[in-house]
Structure formats: C-alpha cells, structure tokens
Amino acid sequence: MKPLSSLAPLSFIEHQRQKILEFKPLHFLDEQEENSPKMRVIRVGTRKSQLARIQTDSVVAMLKALYPGLQFEIIAMSTTGDKILDTALSKIGEKSLFTKELEHALEKNEVDLVVHSLKDLPTVLPPGFTIGAICKRENPNDAVVFHPKFVGKTLETLPDKSVVGTSSLRRAAQLKRKFPHLEFKSIRGNLNTRLQKLDELQEFSAIILAAAGLQRMGWQKRVGQILHPEECMYAVGQGALGVEVRAKDKDVLDLVGVLHDPETLLCCIAERAFLRHLEGGCSVPVAVHTAVKDGQLYLTGGVWSLDGSDSMQETMQATIRVPVQHEDGPEDDPQLVGITAQNIPRVAQLAAENLGISLANLLLNKGAKNILDVARQLNDAH
C-alpha cells in the first residue's frame, strides 16, 4: 500500500478529482443511446428564483456533458422561505425553510434529484435523503454591494450611522464588532429583490450578499468590497452547491456522484460536522473558514453574541493525505453529516468529520455554549 505522497506530481486532492472524472456508472452509459425511445428522463427539482435556476442549469449542464444519452427535465417550485418575506430567517424557527417542499417532491418520486445552495441544507437531513454530490465551490466569502451614491466606499469609510442590510445574524454579529459606527438591519427577498430595495429605497447604504451568488448571476460589477475571513468568516457550506437524492436510489447516487469535488467535499464535511456538534443554525451566529494545503485541512470556526461583543474562535488542522485503497469495507450507513461520497476514501472523510467535531468540542470546552445559548434566547425574545 503506497501513501498518496508517492503519487507525484498529483496531490491527494488532484488524484481524487482525476479518479472521479474517470468513473461513470456503466449502466447509464450502456443503456442510454441518443435518440433511443427508452431514453430515461432525469427530473431535477429547484427553487423558482433566478439564482436557483442558474445554479440548477449549471449542474444539469455538467450532467449532460457526462451523460449525453440522458434527458433532463427541470421542475421549479416555491419553498416556505420564498413565501415568507416579512420575517427574518432566524425568527421563523424552521430548519428546512428552502428545502422542505423540494424534499416532499423527492419523497413522492416527482423528481429524481434536487439542486440546493449547500448552506440551505440542515446538517441533519430527514430520513431517506442524502447529499449525493457537492460541486466545486465558488468564492465562499461575503461581498458588499453599495448604494449608487456610496460607490467607491468601503464599510470602514461609510458615514457614521449608515444602515447596512443583511438577513444573516452571522454577518451582523461579526460586522457590528468590526465596524461599530454602522447600523445593521434585516433585509429579505431574493437577490433581485434585495438589490432593487438597495437601489430604489433610500433606506440602505449597502447590503451584504454571498459573493458566489453575485458571481453566478453575472453581477460582479456590483461588488464594491469582498469581505475576507479576518473581517467576516462565511457560513457553513457557503459557495457550494449540493445535490440531494433519495438515499436508497443507487442509480441516481451513482449518476451524480461524479460531480463531487474532493476538496470542497472535505471542507464542507468538516464545516457541517462543526456546526452540527455545536447545535448551531441560522438562529445563532456561527461562522467558518476552511483551506487545504500540503495534505492538511485547516478549519477555523467561531461563535459570536448577537451584538458581536462576545466571541470565540479557534483553528485546528487534520491530515487528509491517505492511502488510495478502501480498507474499511462496506458501511451500513455511509453518510457523514448527511453526505454520501462513496468514491472518496472513507478515511479522508472521517478525518474531516473528526476535525469539525474536535474544533466544536474545543470551543464548547472554552464556554461557547453559553455564548450560543444567550444568542438563541435573545433572538427568540425579539
């Protein structure tokens, strides 16, 4: 058995990526001929927003390139989170705001797979579902879009008492601490709606959005400032797309499994394990930053009080350079934090999960639970 370090010049991540690209489920390739009357139609569920459709179209395009003999039908629907627009997400108290209706369609066999923003997927999925693919991550950082009259400014140079819009407790808590001269107010709606509110109302000087969403919409020119992790760490899974499927649908699991990006997968397993062990969610400010370098996975995680005055963060690392061979044997439950990735070495996935759990335990042992409990109580009270 040779360690991957002997497989120069490929790194562990590059080697895994190459292995995945070489694999395609043979039953799909052999049985589906182009123009065949028996051509299978794969039904893909998505939210109705423009960004959701763009994200889903990108996943379908990748699948079409891999499986030219298959047809894909996109089925769009509204979710609870799309319908409730007058309440902050953290106040609604629903863990599956943007996923429940889509999962219901998956359960009823109305769709075969669903494309989500990974950050919308809870760390514990309902029974019978799994994340069958995590696609290569876009920029996970947050971005600032300024009102036209403040173009050229930064958060630091905005006038005192300027109002910044964000629907995220995580962003608000970190930025209140970093920029105490600013005021933060909730803003809801899809990207189009929030940008319209920024431009047409005189209420906000700037709004904070995920850089990945702006990039996918082709609105990079609106980005006035990228917030780096030392200013504002990002949400668990931010910038990555997750493909949710029925856990026992082996055909579709095999079909989408080739989309797994190994580096993104391992980072997101660590992040989701960290959040799950903290018992965090959108009702408390929890943020992360991950990086892979020289066979090491680095995870920084933090928790904040709602006003940002109290915080705690730490960094840990784990080795993910592992043997190629699977020596574990089959698993009764192959899922880790809701993710199934049978074409990535199990030992690397476990190392990532253990890293997230260890970092969460480190923070909990230092008193993070008290910060989170107070934040949760204050959020529920307002």
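- Under 4.0 Å is where a charged nitrogen must lie from a carboxylate oxygen, and between Arg170 and Asp142 at least one such pair does.
- Linking Ile, Leu, Val, Met, Phe, Trp and Tyr whenever their side-chain heavy atoms come within less than 4.5 Å puts Ile207 and Ile226 in one cluster.
- Put simply, the side chain of Lys197 never gets that close to the backbone of Gly165: no donor and acceptor are under 3.5 Å apart.
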(message) Does Leu278 form a side-chain contact (heavy atoms from CB on, under 4.5 Å) with Leu364? I'd like the steps, not just the answer.
(response) CA-CA 7 Å; Leu278 281 178; Leu364 290 170; 3.8 Å; yes
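- Between Ile371 and Ser311 the shortest side-chain heavy-atom distance does not fall below 4.5 Å.
- The shortest side-chain heavy-atom distance between Glu231 and Glu156 does not fall under the 4.5 Å cut-off.
- The distance from atom CG of Asp57 to atom NZ of Lys64, rounded to the nearest 0.5 Å, is 8.0 Å.
- Leu102 contributes atom CG, which lies 10.0 Å from atom CZ of Phe129 (distance to the nearest 0.5 angstrom).
- Counting non-hydrogen atoms of neighbouring residues, nucleotides and ligands closer than 6.0 angstrom, the NZ atom of Lys293 reaches no more than 12 such neighbours.
- Between the side chain of His260 and the backbone N or O of Gly132, at least one donor-acceptor pair lies under 3.5 Å.
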(request) For Phe274 and Leu299, run side-chain contact (heavy atoms from CB on, under 4.5 Å): C-alpha distance rounded to whole Å, both residues' side-chain angles, the deciding distance at 0.1 Å, then the answer. (result) CA-CA 9 Å; Phe274 172 72; Leu299 171 63; 4.2 Å; yes
(request) Given side chain to side chain donor-acceptor pair (under 3.5 Å), test Gln313 with Thr300 step by step and report yes or no. (result) CA-CA 7 Å; Gln313 63 186 73; Thr300 301; over 6 Å; no
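- Side chains of Leu306 and Pro285 form a contact here, defined as non-hydrogen atoms less than 4.5 Å apart.
- Partners of Lys108 under the salt bridge (Lys or Arg N to Asp or Glu O under 4.0 Å) rule, at least two apart in sequence or in another chain, are Glu110.
- Hydrophobic cluster membership differs between Leu118 and Met217, with clusters built from Ile, Leu, Val, Met, Phe, Trp and Tyr side chains linked at under 4.5 angstrom.
- Checking side-chain atoms of Asp261 against main-chain N and O of Ile134 turns up no donor-acceptor pair under 3.5 Å.
- Remark: the Gln71 side chain and the Arg40 side chain contain no N/O donor-acceptor pair separated by less than 3.5 Å.
- No side-chain N or O of Asn361 forms a donor-acceptor pair with one of Ser358 less than 3.5 Å apart.
- Under a hydrophobic-cluster definition in which Ile, Leu, Val, Met, Phe, Trp and Tyr are linked whenever side-chain heavy atoms come within less than 4.5 Å, directly or via other members, Val223 and Ile54 are assigned to the same cluster.
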(message) One pair to check against side-chain contact (heavy atoms from CB on, under 4.5 Å): Arg194 and Ser167. What are the steps and the verdict?
(response) CA-CA 10 Å; Arg194 280 182 273 178; Ser167 57; 3.7 Å; yes
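- In this structure a side-chain-to-backbone donor-acceptor pair under 3.5 Å is present from Asn354 to Leu350.
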(request) Check step by step if side chain to side chain donor-acceptor pair (under 3.5 Å) holds for Gln215 and Gln220. (result) CA-CA 5 Å; Gln215 190 171 333; Gln220 295 93 324; 5.7 Å; no
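- Between the Arg272 side chain and the Ile339 main chain, no donor and acceptor come within less than 3.5 Å of each other.
- You'll find the side chain of Thr157 reaches within 4.5 Å of the side chain of Thr154, heavy atoms only.
- The hydrophobic cluster containing Trp304 also includes Met233, under a criterion of side-chain heavy atoms closer than 4.5 Å among ILVMFWY residues, counted directly or through chains of members.
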(request) Test side chain to side chain donor-acceptor pair (under 3.5 Å) on Glu183 and Ser162 and set out the steps. (result) CA-CA 6 Å; Glu183 296 181 359; Ser162 292; over 6 Å; no
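- In the hydrophobic clustering of ILVMFWY residues, with side-chain heavy atoms under 4.5 Å counting as a link, Val245 and Leu70 come out together.
- His104 NE2 to Leu106 CG: the interatomic distance, rounded to the nearest 0.5 Å, is 11.5 Å.
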(request) Starting from the C-alpha separation in whole Å, work towards a yes-or-no answer on side-chain contact (heavy atoms from CB on, under 4.5 Å) for Thr130 and Glu244. (result) CA-CA 6 Å; Thr130 189; Glu244 189 177 17; over 6 Å; no
(message) For Asn190 and Gln50: C-alpha separation, side-chain torsions, deciding distance, then whether side chain to side chain donor-acceptor pair (under 3.5 Å) applies.
(response) CA-CA 8 Å; Asn190 59 38; Gln50 185 183 357; over 6 Å; no
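- Arg43 contributes a side-chain N or O that, together with a main-chain N or O of Asn109, makes up a donor-acceptor pair within less than 3.5 Å.
- Residues Leu191 and Leu209 have side chains in contact (heavy-atom distance under 4.5 Å, counting atoms from C-beta outward).
- Taking the six-membered ring for Trp, Phe204 and His147 have ring centres at least 6.0 Å apart.
- Between the Arg137 side chain and the Gln238 main chain, a donor and an acceptor come within less than 3.5 Å of each other.
- Looking at Ser168, its side chain does come within 3.5 Å of a backbone N or O of Arg171 through a donor-acceptor pair.
- By the side-chain hydrogen bond (donor to acceptor under 3.5 Å, both in side chains) test, Ser58 pairs with no residue at all, sequence neighbours left out.
- Glu314 is linked by a salt bridge (Lys or Arg N to Asp or Glu O under 4.0 Å) to Lys366, counting only residues two or more places apart in sequence or in another chain.
- Not counting sequence neighbours, the partners of Lys185 by the salt bridge (Lys or Arg N to Asp or Glu O under 4.0 Å) test are Glu203.
- Here the shortest heavy-atom pairing between Arg216 and Gly239 reads NH2-O, 2.8 Å.
- With respect to the salt-bridge test (charged N to carboxylate O, under 4.0 angstrom), the residues Asp112 and Arg246 qualify.
- No chain of hydrophobic side-chain contacts below 4.5 Å, direct or via other Ile, Leu, Val, Met, Phe, Trp or Tyr residues, connects Ile357 to Val286.
- In this structure, CZ on Arg53 lies 6.5 Å from OG1 on Thr46, to the nearest 0.5 angstrom.
- The closest donor-acceptor contact from the side chain of Arg177 to the backbone of Ser309 lies under 3.5 Å.
- Phe179 belongs to a hydrophobic cluster whose other members, connected by ILVMFWY side-chain contacts under 4.5 Å either directly or through intermediates, are Val144, Phe146, Phe150, Leu155, Leu158, Val164, Leu175, Leu182, Phe184, Ile208, Leu227.
- Going from atom CG of Leu362 over to atom CE of Met312 covers 9.0 Å, rounded to the nearest 0.5 Å.
- Contact of the Val44 side chain with the Val111 side chain is not registered, since no non-hydrogen atoms from C-beta on lie closer than 4.5 Å.
- You'll find the side chain of Leu297 reaches within 4.5 Å of the side chain of Cys267, heavy atoms only.
- Between the side chains of Glu271 and Thr290, at least one donor-acceptor pair of N or O atoms lies under 3.5 Å.
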